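Reviewing the structure listed below.
The model shown is predicted, which means the values in this text are computed figures rather than measured ones.
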Amino acid sequence: MSITRAAPPGAGHRDPEEPRTADEPRGADRPQDADEPRGAEADVPPVRAEGARGRADDPRGWHFNSPLVLVMLLIVLVLAQGPVRGALSAPVMQSWMTVFVAVVLQALPFLVLGVLLSAAIAVFVPPAFFARALPKRPALAVPVAGMAGAVLPGCECASVPVAGALVRRGVTPAAALAFLLSAPAINPIVLTATAVAFPRDPEMVVARFVASLLVACSMGWLWQRLGRADWLRPPARPSHEGLGKGAAFWGSVRHDVMHAGGFLVIGAMAAATLKAVVPASWLHAAADNPVVAILALAVLAVLLSICSEADAFVVSSLTQFSLTARLVFLVVGPMIDLKLFAMQAGTFGRGFALRFAPATFVLAVVGSVLVGTVLL
């Protein structure tokens, strides 16, 4: 008969820091649950699927790296190259690509010109210059800024970044907006192109200059009267403090090209899509009614988004429309179109563009009709 002594408390548990003896079995330092795998299975780590984020049953799903996605996309394109080639060769797609490339190629050089001028203003021109160049009273600064648009050879794509630089430099927004609207329509290149496009109607040049300047100043005064500071988001710009003027200049250029260029592409895609689906017969039907003709060309100017250096040559071919209706096209287009709306939203905020664009459209149509009735 043997006497068994009760095990002291904690005899079945060892201190993790205590060394293990050679003949002590592995895993004797802790109790084993009933549902825990035993033997060799206990030493096998759980297998995680390659490319998975977390466990296989993670509700967030699977995560694939970008090279794998790119390879799969290329494989799909190779397998579907026949249908893709057929779709791209369709007349509608050919028209879409033609309009898209034309809008981008027309606007891109002037966008770069505007970006360079914007960076030069931001880096090399001291803020005190604008305080001296513009009148102290905003009501007088608006027409001065509007007339300043006559000396800048650029289109609407160039005027947006320049107006953004003026606002950043402390120019009153009313004056900067007047410059934004006038510069694309009354600069020497645009007026010269208009004279060439309408050789038998030289009064069209005067009418375009007067109507565009009138609308630009009116919108500036309207913004000064009714605009609120929280409607216009100050244009963002990365800080270049501590950099030399050359490094700050090229940093500003890179920022504005990437920022404004993206919105230009979005607007060009929208314009190409609308151009490809609008039937040409609608234009002939609209020209028979004077009111419908004015509204049709105003809407067409917004949808086509043609650069202001080229719009006179386009509308001069629409001889079935009156000169007043074509003047509306020339005034509305450089002030508000699809790509310009996208660029204004990206520069000054969507809230600004949603208020500014409709008011500009209405004022441009009314101003063009009044000036056309008197001068044409």
Side-chain donor or acceptor of [X] paired with backbone N/O of [Y] under 3.5 Å:
X	Y	result
S305	L338	yes
S322	A325	yes
S308	P184	yes

**Item:** Of all pairs that satisfy salt bridge (charged side-chain N to carboxylate O under 4.0 Å, His left out), the ones with a partner from residues 208-222, not counting sequence neighbours
**Value:** R208-D311
**Message:** Taking salt bridge (charged side-chain N to carboxylate O under 4.0 Å, His left out) as the cut-off, I'd like each qualifying pair that reaches into residues 341-350, sequence neighbours left out, listed once.
**Reply:** none
**Request:** Not counting sequence neighbours, which residues clear salt bridge (charged side-chain N to carboxylate O under 4.0 Å, His left out) with R228? List them please.
**Result:** D230
So [Y] and [X], do their side chains get closer than 4.5 Å, heavy atoms only?
X	Y	answer
V167	L232	yes
L318	V315	yes
V196	F313	yes
L180	Q344	yes
L116	F249	yes

Under 3.5 Å, side-chain donor or acceptor atoms of residues 355-370 against the rest of the protein: list the pairs with distances, not counting sequence neighbours.
residue : atom : partner : partner atom : Å
R355    : NH1  : G351    : O            : 3.1
T360    : OG1  : F356    : O            : 2.7
S368    : OG   : A364    : O            : 2.6

**Message:** Evaluate L300 against L297 for side chain to side chain contact (heavy atoms under 4.5 Å, CB included), listing each step before the verdict.
**Reply:** CA-CA 5 Å; L300 189 65; L297 286 191; 4.0 Å; yes
**Request:** Quick one: list whatever passes side-chain contact (heavy atoms from CB on, under 4.5 Å) with L213, sequence neighbours left out.
**Result:** M147, I186, F209, C217
**Item:** For L323, side-chain contact (heavy atoms from CB on, under 4.5 Å) partners two or more places apart
**Value:** F198, D201, E203, M204, R326, L376
Locate the shortest heavy-atom distance separating [X] from [Y]; write the atom from each residue and the value.
X	Y	value
A293	A287	CB-CA, 4.1 Å
A211	V331	CB-CG2, 3.8 Å
T347	G164	CG2-CA, 4.4 Å

**Request:** For a side chain to side chain contact (heavy atoms under 4.5 Å, CB included) with P173, tell me which candidate from W231, F348, W223, F352 qualifies.
**Result:** W223
**Worked check of side chain to side chain contact (heavy atoms under 4.5 Å, CB included) between V190 and T194** = CA-CA 6 Å; V190 170; T194 305; 4.2 Å; yes
**Request:** Go through the steps for M335 and S212 under the test side chain to side chain contact (heavy atoms under 4.5 Å, CB included), then give the verdict.
**Result:** CA-CA 9 Å; M335 294 187 177; S212 300; 4.1 Å; yes
**Message:** Using the rule that Ile, Leu, Val, Met, Phe, Trp and Tyr join whenever any side-chain heavy atoms are under 4.5 Å apart, tell me whether V332 and L295 fall into a single cluster.
**Reply:** no
